[in-house]
There are 2 protein chains.
Amino acid sequence: MSQIQSSNQGSIEKKQFGCDCERCDLRDLFFDHVDDTILAEICSSKEENNYEKGDLIIREGEDLINFIYLRSGLVKLYRTDKEGKSQIIKIGKPLDFVSLLSVFSDTMHKYSVTALEHSVTCSIKLSRIIELAKENGEFALNLMQKMSRVYDQIIIDFLEIRKKHLRGRTAHVLLFFADSVYKSNHFELPISRKEIAEFIGMTPENVIRTLSEFRKDSLISINGKQIAIIEKKKLLMISEHG
Amino acid sequence: MSQIQSSNQGSIEKKQFGCDCERCDLRDLFFDHVDDTILAEICSSKEENNYEKGDLIIREGEDLINFIYLRSGLVKLYRTDKEGKSQIIKIGKPLDFVSLLSVFSDTMHKYSVTALEHSVTCSIKLSRIIELAKENGEFALNLMQKMSRVYDQIIIDFLEIRKKHLRGRTAHVLLFFADSVYKSNHFELPISRKEIAEFIGMTPENVIRTLSEFRKDSLISINGKQIAIIEKKKLLMISEHG
DNA sequence: ATCATGGTATGATAACTATCATACAAATAT
DNA sequence: ATATTTGTATGATAGTTATCATACCATGAT
């Protein structure tokens with residue numbers, strides 16, 4: 001998968017290690033404080049995996065062996081109970097440290113992760129990451145800060161969602177995809193109405209119904225999974241106060 | 001507040017540093033990997049604070065200057081919105097790392113903390129803790145693991161609560177106090193019905209009503225804030241399935 | 001091609017929960 | 001001591017949400 005190239009005098013400022021880590025968005029975050037020799041070693045030992053929409057990346061309960069992070073794509077982080085009902089905790093992009101969550105809190109994965117679109121992950125032996133963290137406090141502190149921010153955001157989102165009614169929750173999730181994921185008022189929903197329901201604590205019927213209401217009120221237009229936000233301000237008001 | 005004592009040949013196995021840190025429950029967790037000289041320095045620079053029931057320990061939005069941890073007592077961790085409505089995130093005991101949350105994710109406190117009974121906190125300059133974490137990866141990793149566990153538990157509790165109805169939520173909170181806090185089926189509620197409501201996403205009226213129902217069904221007995229759990233198995237079933 | 005399946009859609013109804021009103025006790029303030 | 005506020009308690013009602021039923025479409029399987 002990798003072979004060390006001694007030099008590369010291109011215009012790219014990032015250091016080169018003979019694999020494509022230098023083009024990885026997560027690289028800076030993780031490895032700013034790790035020295036180059038170690039970085040090259042990790043880089044060559046990492047395992048890259050491709051997943052298609054719907055593919056399971058991590059199954060809740062699996063042994064936590066690898067430190068898996070999302071390099072590109074979009075995933076859902078969720079839990080499933082004995083009756084088979086799922087609850088989505090987070091829709092994760094790269095830099096969101098999705099698969100990082102709970103990596104240090106247990107010996108098993110606490111959440112499942114499934115790809116919502118074509119996604120690429122990189123895996124590094126967790127034992128190696130833990131060694132690194134022990135050897136290198138700056139690296140550990142860096143990880144801790146990122147992880148803490150992700151956790152706090154999940155908590156705050158849960159609290160916000162809990163305060164809202166059907167319309168507010170539905171507006172919330174539409175604005176989340178528009179502003180935080182696709183940065184556009186026109187996008188294709190990466191999840192079904194049922195999954196939206198699992199994300200914001202509603203029933204699928206009510207998600208569908210509320211989306212239809214928004215359409216009838218000309219706040220959005222719907223074409224299958226294609227959503228266009230027409231009246232963003234009103235949607236924002238609904239998310240906040242209604 | 002402290003003066004170094006050179007030795008203490010008593011039966012206590014923990015090391016002595018001239019202040020009462022050696023009797024602190026949190027000591028092992030935090031400082032197992034920090035060497036004795038540093039420990040003594042921290043110990044003598046720490047600030048200990050006492051709070052009575054109802055006292056505000058941390059106000060959301062305050063600058064995050066100190067690393068404050070709960071040495072003894074019981075606290076609530078919560079957020080308050082513009083309309084003055086609060087949501088309780090966690091009831092925290094010592095070892096729960098309550099005040100630790102979000103310490104590394106921002107420059108401000110993200111949550112407020114108020115004492116629910118007489119509580120003692122210790123404060124250490126956050127900058128010193130960050131230095132320590134940078135210098136000492138084992139210490140940083142240790143912190144990260146503890147923090148991650150606390151966060152994961154909050155997420156899982158939120159998801160569980162979200163699945164339940166009024167009776168299930170109310171049973172959940174009673175069992176939480178009985179099993180996780182007081183380790184007894186007879187205890188005094190440290191919070192009001194209103195606060196229970198803020199904790200589990202209900203209205204105070206419905207908390208009161210549901211507690212009354214439980215009393216009428218002889219599942220519990222109520223005398224003001226004194227609660228005795230009579231039918232624990234039934235309460236457990238209600239928490240899980242109804 | 002046709003069948004089964006899952007997703008979307010909508011209405012009717014049942015179930016659940018919040019709100020409003022009222023009452024009273026307990027704690028706190030003046 | 002009395003007044004004010006806060007907490008507890010309960011009922012009636014309005015509002016919100018879930019469930020059930022049905023229908024249709026799109027997708028993938030045989």
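Since we're looking at a predicted model, the values are computed, not measured. Naming: A, B, ... by sequence-line order, numbering from 1 per chain. Hydrogens, waters and symmetry mates play no part in the numbers below; they use all other heavy atoms, side chains included.
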message: Over all strands shown, is R215(A) touching base, sugar-phosphate only, or nothing at heavy-atom distances under 4.0 angstrom?
response: sugar-phosphate
d(NZ, K85(A); P, dT19(D)) in whole Å: 6 Å
Distance in angstrom units between R169(B) CZ and dA18(C) P, rounded: 8 Å
- prompt: Does S212(A) put a side-chain nitrogen or oxygen below 4.0 Å from OP1 or OP2 of dT10(C)?
  reply: yes
- prompt: Given F158(B), which of I161(B), I154(B), I155(B), I156(B) fulfils the side-chain contact (heavy atoms from CB on, under 4.5 Å) condition?
  reply: I154(B)
statement: note: K163(B), atom NZ; dC16(C), atom P; distance rounded to Å ~ 18 Å
- prompt: Between dT17(C), dA18(D), dT10(C), which one does the side chain of I208(A) approach most closely?
  reply: dT10(C)
- prompt: Within the pair N206(A) and dA18(D), is there a side-chain N or O less than 4.0 Å away from OP1 or OP2?
  reply: yes
query: Where is the tightest heavy-atom contact between A197(A) and P204(A), given as atom of each residue plus distance?
result: CB-N, 3.6 Å
task: Name the closest nucleotide to the H165(B) side chain, picking from dC16(C), dA9(D), dT16(D).
output: dC16(C)
I222(B) side chain, from C-beta outward: closest of dT8(C), dT19(C), dA9(D): dA9(D)
- request: Starting from P on dT17(D), measure out to CD1 on I196(A) and report it in whole angstrom.
  value: 16 Å
query: Rounded to the Å, how far apart are R167(B) CZ and dT17(C) P?
result: 11 Å
- prompt: Over how many whole Å does the gap from E213(B) atom CD to dT8(D) atom P extend?
  reply: 17 Å
task: Calculate the interatomic distance between F214(B) atom CZ and dT10(D) atom C1'; express it in whole Å.
output: 17 Å
- line: Comparing R209(A) with K225(B), nearest DNA chain D nucleotide closer to 5' gives the residue K225(B)
- prompt: Do the charged groups of K110(A) and D106(A) touch, with an N to O distance under 4.0 Å?
  reply: yes
field: Close side-chain approach of H109(A) and E62(A), heavy atoms under 4.5 Å
entry: yes
- request: In whole angstrom, give the distance that lies between atom CD of E205(A) and atom P of dT16(D).
  value: 19 Å
field: Donor-acceptor pair under 3.5 Å, R193(A) side chain vs dG6(C) base
entry: no
query: Are more than 12 heavy atoms from other residues, nucleotides or ligands located less than 6.0 Å from atom NZ of K85(B)?
result: no
- line: Of dT16(D), dT19(D), dG7(D), the nucleotide closest to the side chain of K194(B) is dG7(D)
